[in-house]
Amino acid sequence: MYNKGVKAKRVLLLASIIFIFILCFSYMNIGFDRLSRYPYENENDRRLIDMYLDDSEIEYIIEYSIAPIQFISYIEYDAFNIYHIDYYNDISSRYWYLSNEQVVNFTEELLQYENGIDTALDLARDYYYSEVLEWLSHGDIYNPGSTIINNPESARAYLDDELTMSTRIPYDLVELNLGTFGQSFLLKSNVAEHYEQLCADLANEYGGESGGLIIEEAYVSYDEQVELFESMQSEHPDDYLSYVDYPGHSEHQLGLAIDISFYGYANIEEAPQYEWLLEHAHEYGFVQTYTANTQVATNKYPRLNHFRYVGIDLANEMHSSNLSLKEAIR
């Protein structure tokens with residue numbers, strides 16, 4: 001009986017010790033401050049960090065001394081990842097127009113692609129974020145392996161079968177007023193100014209509002225180029241690239257180019273205004289880029305009615321030296 005009583009008391013004592021230990025451990029956990037070693041800047045920062053970060057993430061910001069200012073503006077969004085805050089801040093600095101939530105979502109999408117962040121940072125100056133994602137997700141559908149250009153807003157931007165501006169839309173397209181005959185045509189605003197001065201001087205020589213010059217084509221969107229490209233593929237299956245550029249590769253999409261004709265002349269070379277253009281177009285910044293001597297790509301048929309703005313200085317250089325655009329911008 002004695003041994004049984006002693007054993008019972010020992011069991012009861014051990015149970016009591018375990019119970020007290022559990023109570024103490026629970027009390028200590030309740031009072032434990034996960035952020036006791038973290039220099040949060042205010043109570044709202046503390047609340048957000050405690051709410052959205054787990055223990056390992058808190059240990060991470062403590063270990064690497066990451067201040068709340070670096071990530072607190074992003075922390076509430078579903079896609080937020082504490083380990084990507086440097087990417088968020090890099091993207092935010094370049095894509096300043098994005099909201100904090102858009103920065104997080106855009107960054108996480110970029111990280112799905114090889115070199116996605118570097119590509120986005122490289123293209124930030126000239127491409128909208130949705131255009132960057134379009135490029136990363138689809139590339140060049142019609143000519144895979146093409147390279148996207150970095151300066152599509154420049155008058156010196158160069159496109160060929162291997163160089164593309166993808167689906168990009170120029171920033172400052174304006175409607176033309178001269179030579180349109182009731183149709184709607186667009187060019188970049190600075191190019192339109194030079195074009196209209198050219199028309200005014202042409203009119204002084206040959207009369208009419210534009211000297212008889214008629215716009216046949218100006219800015220062409222990516223989607224419009226797709227329609228044209230696929231039509232030429234159907235009509236000329238063996239040599240369609242002689243007639244048309246790949247979508248994303250056309251100078252018209254840059255908002256810098258015009259195709260023209262002259263009233264009363266079926267053949268542009270018969271018009272006296274055409275001779276005037278050959279002598280003076282460079283003075284307004286325009287050159288022909290699809291002729292036998294200065295063609296953009298060797299597989300294109302010459303397009304004598306195609307003029308493209310490159311800026312007055314470069315146009316003068318090309319005119320005086322008979323250089324192609326590719327040669328002149330090297």
Answer yes or no: does atom [atom1] of [X] have more than 12 heavy-atom neighbours from other residues, nucleotides or ligands under 6.0 Å?
X    : atom1 : result
D78  : CG    : no
E235 : CD    : yes
Y142 : OH    : yes
I169 : CD1   : no
F229 : CZ    : yes

How close do [X] and [Y] get, heavy atom to heavy atom, and via which atoms?
X    : Y    : value
R308 : R156 : NH2-C, 3.9 Å
P247 : T164 : O-OG1, 4.4 Å
S324 : E327 : N-OE1, 2.8 Å
I75  : L48  : CD1-O, 3.8 Å
G208 : A203 : O-CB, 3.0 Å
Q253 : P170 : O-CG, 3.3 Å

Aromatic ring pairing [X]/[Y], orientation class (parallel under 30°, perpendicular over 60°, tilted between):
X    : Y    : answer
F286 : Y195 : perpendicular
F307 : Y274 : perpendicular
Y129 : F106 : perpendicular

Is it true that [X] and [Y] fall in one hydrophobic cluster, defined by side-chain heavy atoms closer than 4.5 Å?
X    : Y    : value
Y263 : L176 : no
I141 : V226 : yes
V104 : I66  : yes
L213 : Y219 : no
L186 : Y222 : no

If you round to the nearest 0.5 Å, how far is [atom2] of [Y] from [atom1] of [X]?
X    : Y    : atom1 : atom2 : value
M165 : L254 : CE    : CG    : 5.0 Å
S166 : L136 : OG    : CG    : 9.5 Å
I260 : E216 : CD1   : CD    : 9.0 Å
N143 : D245 : CG    : CG    : 11.0 Å
I258 : I214 : CD1   : CD1   : 12.5 Å
Y158 : R330 : OH    : CZ    : 8.0 Å

>> If the threshold is 4.0 Å, N to carboxylate O, is there a salt bridge linking E59 and R37?
In response: yes
>> Between K188 and E153 (salt bridge meaning N to carboxylate O under 4.0 Å), is one present in this structure?
In response: yes
> Hey, mind stepping through Y87 and L110 against side chain to side chain contact (heavy atoms under 4.5 Å, CB included) and telling me if it holds?
Replying inline: CA-CA 10 Å; Y87 297 137; L110 291 174; over 6 Å; no
Any heavy-atom pair between the side chains of [Y] and [X] that's under 4.5 Å?
X    : Y    : answer
Y246 : L241 : yes
L277 : Q288 : no
E227 : D223 : no
P152 : Y171 : no
C199 : E209 : no
I85  : I82  : yes
Y309 : V287 : no
D90  : T107 : no

>> Between T119 and Y113, is the side chain to side chain contact (heavy atoms under 4.5 Å, CB included) condition met? List the steps.
In response: CA-CA 10 Å; T119 299; Y113 303 100; over 6 Å; no
So, the side chain of [X] versus the backbone of [Y]: is there a donor-acceptor pair under 3.5 Å, distance only?
X    : Y    : answer
R94  : L121 : yes
R168 : E131 : no
N115 : D118 : no
Q225 : S250 : no
E205 : L202 : no

> So which of F71, Y60, Y64 actually passes ring-ring contact (aromatic ring centres under 6.0 Å, His included) with Y83?
Replying inline: Y60
For residues [X] and [Y], is any side-chain donor paired with an opposing acceptor at under 3.5 Å?
X    : Y    : value
N150 : D122 : yes
E251 : H306 : yes
D259 : H252 : yes
E109 : N105 : no
S56  : D54  : yes
N89  : Y74  : yes

> With K300, which of T289, D160, T291, D161 fulfils side-chain contact (heavy atoms from CB on, under 4.5 Å)?
Replying inline: D161
>> Going by side-chain hydrogen bond (donor to acceptor under 3.5 Å, both in side chains), name the residues that satisfy it together with E108, two or more places apart in sequence or in a different chain.
In response: H84, Y88
> Under the side chain to side chain contact (heavy atoms under 4.5 Å, CB included) criterion, do L314 and M318 qualify, and how do the steps go?
Replying inline: CA-CA 6 Å; L314 186 59; M318 291 176 64; 4.1 Å; yes
>> Quick check on the 6.0 Å ring-centre criterion: do Y97 and Y128 meet it?
In response: yes
> Given the rule in the side chain to side chain contact (heavy atoms under 4.5 Å, CB included) test, do T147 and E162 qualify, once you have shown the distances and angles that lead to the verdict?
Replying inline: CA-CA 6 Å; T147 301; E162 306 304 323; over 6 Å; no
